[in-house]
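Letters go in sequence order (proteins before strands), and every chain restarts at 1. Please read all numbers here as calculations on a predicted model, not as lab measurements.
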Amino acid sequence: MERKNEVTPTRRGVELALTLFAFALGAGSYLLFYVNRDLPFPSIAPLAIGCWLVLCVGAHLLIRKLAPYADPVLLPCVLLLNGLGLAMLNRLNYGSEYSPAVLQFTYTTISIVAFGVVLRWLGDYRSLQRYTYILFCIGLGLLLMPLLPVIGKESGGSRIWIEIFGRSFQPAEVAKIVLTLAFASYLSDHRELLRSAGRRFLGVTWPRIRDLGPIAVMWVVSLAVLVFQSDLGTSLLFFGLFVAMLYVATDQVSWAIMGLAGFVVAAVLAYLFVGKMEIRVESWLNPFADVDRNYQVIEGQFGLAWGGLMGRGIGIGRPTRIPLVDSDFISAAFGEELGLVGMFVIILLYALLVMRGLRAALSARDWFGKLLASGLSFALALQVVTILGGVTRLLPLTGLTTPFMSQGGSSLLANWLILAILLLISHRGRAPIEKREVPVIVDLAEERTVLLAAVKPEALA
Amino acid sequence: MNRSIRRVAGVVALMFLALLVNLSVSYLLRTETLLNSPYNRRVQEEQFGQSRGPIMVGNTAVAATAPSGDPRIPNVRVYENGPMYAPLTGYYSFVYGRSRLEQSYNAELAGTSSAQSIDRLVDMVAGRQPEGAIVQTTINPRAQQAAWDAMQGRRGGVVAMDYTTGAILAYASVPSYDPALLSSLDYDAVEANWEALLADPAAPLSDRAGGEVYPPGSTFKLVTTAAALEAGWRPDTLIDSPRTLQLPGSDHVLTNFADASCGADRITMLDALKVSCNTAYANIGMALGESALRRQAEAFGFNTAVESDVWSATSRFPSGLDPATLAMSAIGQYEVAASPLQIAMVSAAIANGGVQMEPYLVSEVRNPDLSVLSIHAKKVLRQSLSSQSAQLLQEMMVENVRSGGAKTVAMDGLRVGGKTGTAQSDPSRPSYYWFTGFVSESHVAIAVFVEQTAAGDASSSSVVAGGVFRSVAEALR
C-alpha cells in the first residue's frame, strides 16, 4: 500500500499551498479596503483573519483526512471566491449598522462544517443511488415549496423563498443538489435503455415516445417554476441541467436537440404569457429606454464602465449605488473595483472550478459518479454564466445567486455541499483501487445489469 | 459517456468564452457612452470632488476647495463666512446642484471653460491635476461686514454699488444660510439641511437683496420725481398737497404718513420730497399720466431683467392703470414691486448724472498662476434721465438729507443724498422700511430694505433703514 501511495500522489501539499494563497488574497482584499480608504483597520480584523485562516486550513485538513486523493485545485478555487465575496460584502456594508458580512462569515463557517459532515458521512456517495424516486420527490418538493401558503414568501417579484422561524431560505439551492442526485441515479439506471431504443431518422437516433416521460416531467416542472414562481433563472437552470445530464448519459445528440427545442418553446411561451419576461428582454436589449425601471442594470453597467480595465481599487468605486449589489449584482461590484481584469480572473476561476469538476466526472469509475459530477459541474457553469451574463448584458437578467460570492446562506451552503460531492467523486476516481472501502462486487453487479440491459432492452422496458 | 462529458466541457468552455468576449466587447464599445451618460452619477461625483478654484472677496477666499479625507471624492467645498456671502457664492452641492457664482462661473472654477483649454492640455501633458480659475468679486469686505452686522436681528437686504462702474460693493441678505450645509459629502445630512432650510419660516434661502421684489413705497417717489423733471417740472414747482385726497373713481382716501399734513395745501416738489408727501406725489403721478411714469420706471430698469452676473428678480411697474391706481403707483404702492438692487440702481443712475451702469459682481477671472483670464469691462446700461434732471434730483436728495426726512444719515464733510420709504404689503402686517441714497465722495449708491425689524427698533424708516445705510456708507468712506 505504501508503494501505491508513491505511484498516485495525493497532492495535498499543492492544495495546502494554493489554499494559503487563496487565504492571503481574501484577507488581503479585506484589508486593502481600509488601506485604500485611509481608514484604520477595525479592531475585529485580527480575529476575522484568524478565523478565516482556521476555516481555510480546516477545510484543507478535512480533505486531507477524508478525501486525500481529491483534486487539489477545487478547494482553493472555492476559498478564493468565497474570501473575495466576504471581503466585498464587508466593503459594501462598511458603516452600516447591520453587516451581512458577519452573517455571511457565519454561513461560511456552517457551510464548511456541513462540507466536513458530507465528506465524513457520505463517504461513498454511491449509497445514494438507490433512492432515485425518493430523491426526485424530495427535490421536487423543495423546488415547489415556496408555493406553499404559509411558509412561502415572495420577494422582488419572485416566489422563491420560504420562511421558517423568521429565517428565510431558498429551497431551490438544495433542490439543485437533490434533483441532480435523482437524475444521476435515474439516468445511470436507464441510460442503456434510453440510448439504444428508438428509430434512426436523419442520421440521429430518436427516442421512443414512452421514454420521453422524464424529460416531459422536467419540462413541465420547469415551466411551473417559471410561471408560478416567476423565476426564469431557476427554471432555466433545472431544465438545462436535466438536458445536459440526459445527453451525458445517452451520448445522443437527439436528446440535446429535443431539450433545446423544449427550451425554445418554453421561452416563447414565457415571453408571450409571463409579463415579466417581456420586460426582462426589453431591459436587456435597451435598458436606457426606461431608466427608472432598469436602474439596476444601468447602474451595474455604469459600475463596469467606471471600473474600466484595471478597476478603481477596492473601496474606491461606488458599487453601493447598484441595487441588490450584495446578492445578484456582486459581480458588478468586482467589475467596478477590480476592473475588466478582475472580472476575467473571477470568470476564469469559475471556469477552472467547472472544468476540474468535469475532470472528476471523466475520472469517475462508475456511471452514477460520472453523471453526478458532470451534472453538478454543469449546473454550476450554467448558474455562473446566467447570472454573470445577466449582469454584463450577455443575456437577459435572471435572479440567480453568484456561487460562493453572493450574500445568502442557502446558496453558500448548497454550493459547499456540491464541492464536497465533487471532491468525493474526484477522490474516488483518483484513489488507488485498494483504497476503496466498498467491495468490488458492487461494481461488477452494476456492470452486469448494464450488460443485460444492453442485450435485451425490451425485457426491462 | 466520456465523449459526451468532453463535449459538455466544450460547451461549458464556449459559455465562459462568451462571457469573456462579451465583457471585452462591452469594455471596448460601451465604456465611453456609459461614462458620458447624463445618468452616470459616478462621473458626476468625480467631477464634484475635483479641485475647484476659489471665489475671492478682497484677499480672502470665501469659497474654496479643501481635502475631504475621502479618496473617492478627494475635495470638498468650504466657505469662509458662509452665511454672509451665501447670496453671492451660492452653494455647490452634489444633491442640489449649484447656484449663484458657483453656477454662473462653474466652467471657470472647474477649469473647463474654453478659454482654459490650452492650460488644461498643458496640465494633462505634464501630468498635473488641472486647477480651476480664481474668481475675484467686486465686494468690499468691510462694507459687506458692515451691512451684515447692521442688519442682524432683522430681515431684509442691502445692496451697495459703485455708481460710476456698476461694481457691487456689498450684497447682503438676512437671515442667510451656510452653503457648507449643502456642499457636504454626507448626502443624507445635505438633504436634511435642505429640507430644514426650506421649512424655515424666516426663508433663509431667499435672496432679499436682489432675488425678491417688494413694494418700494416712497423710495419710488425718486422715479416719479425724475419723470416730472424730465417732463419739464422744476423742484420749486408748486403742487396741491391736501391732507387727504379722495382718489378719483374709488372710495379710497389717500392720507400722508401718520395722517400728517404736508405743511401746506400747496407745496414745492422739493418740499414734497422732503416730507415724502403722498397726496402731492399722487397728484404728480396723475398729472404726468401712466405712460410717462412707466417710461421713466423702465428707463431705470423696471420690467427688464438685469443681464449680468448679478441675479435679480425683475422689478415691476404695472400697466392699464386708472387714475386711482396710477396715483397709488406714483407713490410706490399698488402693484409696483422692486428689488433692493433695483432701488440701488435708481439712486446710482441719479448720482451718476443719469447714466445707469450695469451692475456686476466679478471683476476678473485669473488662472492659478495669477495671469488674467478675463476682466470685466464696465458697461453703460442706459441713460435713465438727462444729466440736468439728474443734477436737480441729486440736489433734492442732498437737501432731503440736509434738512428733510433723511436727516439721520447726514455725515460730516460728505455730500450725501437720500430718500426714505415705508411700504405696506398688507395692512395686517408691519410696514417695510426702505432707505436709498448715494455718497458723492465715495461714489457709492446704497439701498437698504428691512422686511422685519428687530425688537426695540423705532418704527421709522429713516432710523432703522437709514441707520444701516449709514453704517455701510461709513464703511465705504
Legend entry - Side chain / backbone / both / neither for A/P319 at chain B, heavy atoms under 4.5 Å: backbone
Between chain B and chain A, identify every pair of one donor and one acceptor N or O atom lying under 3.5 Å apart.
unit_1	atom_1	unit_2	atom_2	d
B/M1	N	A/D251	OD2	3.3
B/N2	OD1	A/K370	NZ	2.6
B/S4	N	A/D251	OD1	3.2
B/S4	OG	A/V248	O	3.0
B/S4	OG	A/D251	OD1	2.9
B/R7	NH1	A/Y247	OH	3.0
B/N22	ND2	A/T392	O	2.9
B/N22	ND2	A/T392	OG1	3.3
B/R42	NE	A/E336	OE1	3.3
B/R42	NE	A/E336	OE2	2.8
B/R42	NH1	A/E299	O	3.4
B/R42	NH1	A/E299	OE1	2.6
B/R42	NH2	A/R318	O	3.1
B/R42	NH2	A/E336	OE1	3.1
B/E45	OE1	A/R318	NE	2.7
B/E45	OE1	A/R318	NH1	3.2
B/R72	O	A/R318	NH2	3.2

Legend entry - Under 4.5 Å from any heavy atom of chain B - which part of A/V354: side chain
Inset, instruction - Look up atom CD1 in A/I347 and atom CE in B/M15, then write down how far apart they are to the nearest 0.5 Å. - result: 12.0 Å
Inset, instruction - Examine whether an atom of A/V248 lies under 4.5 Å from a heavy atom of chain B, and if so say whether it belongs to the side chain, the backbone or both; otherwise answer neither. - result: both
Inset, instruction - Determine, stepwise, if the pair B/L19 / A/F344 fulfils side-chain contact (heavy atoms from CB on, under 4.5 Å). - result: CA-CA 9 Å; B/L19 271 185; A/F344 265 54; over 6 Å; no
Inset, instruction - Could you look at A/L340 and say if it's the side chain, the backbone, both or neither that has a heavy atom under 4.5 Å from chain B? - result: side chain
Inset, instruction - For each of A/G308, A/G335, A/G389, A/G313, tally heavy-atom pairs with chain B at distances under 4.5 Å, and name the one with the top tally. - result: A/G308
Inset, instruction - Would you mind telling me which of A/A256, A/G303, A/A361, A/A249 has the largest number of heavy-atom pairs within less than 4.5 Å of chain B? - result: A/G303
Legend entry - Part of A/L382 within contact of chain B (heavy atom distance under 4.5 Å): both
Inset, instruction - Check whether any side-chain heavy atom of B/F16 lies under 4.5 Å from a side-chain heavy atom of A/L352, and answer yes or no. - result: no
Legend entry - chain A contact via B/V21 - which portion, at a heavy-atom distance below 4.5 Å: neither
Legend entry - Which of B/V8, B/L20, B/V12 touches chain A most, by non-hydrogen pairs under 4.5 Å: B/L20
Legend entry - Segment of A/I298 engaging chain B (4.5 angstrom heavy-atom cut-off): neither
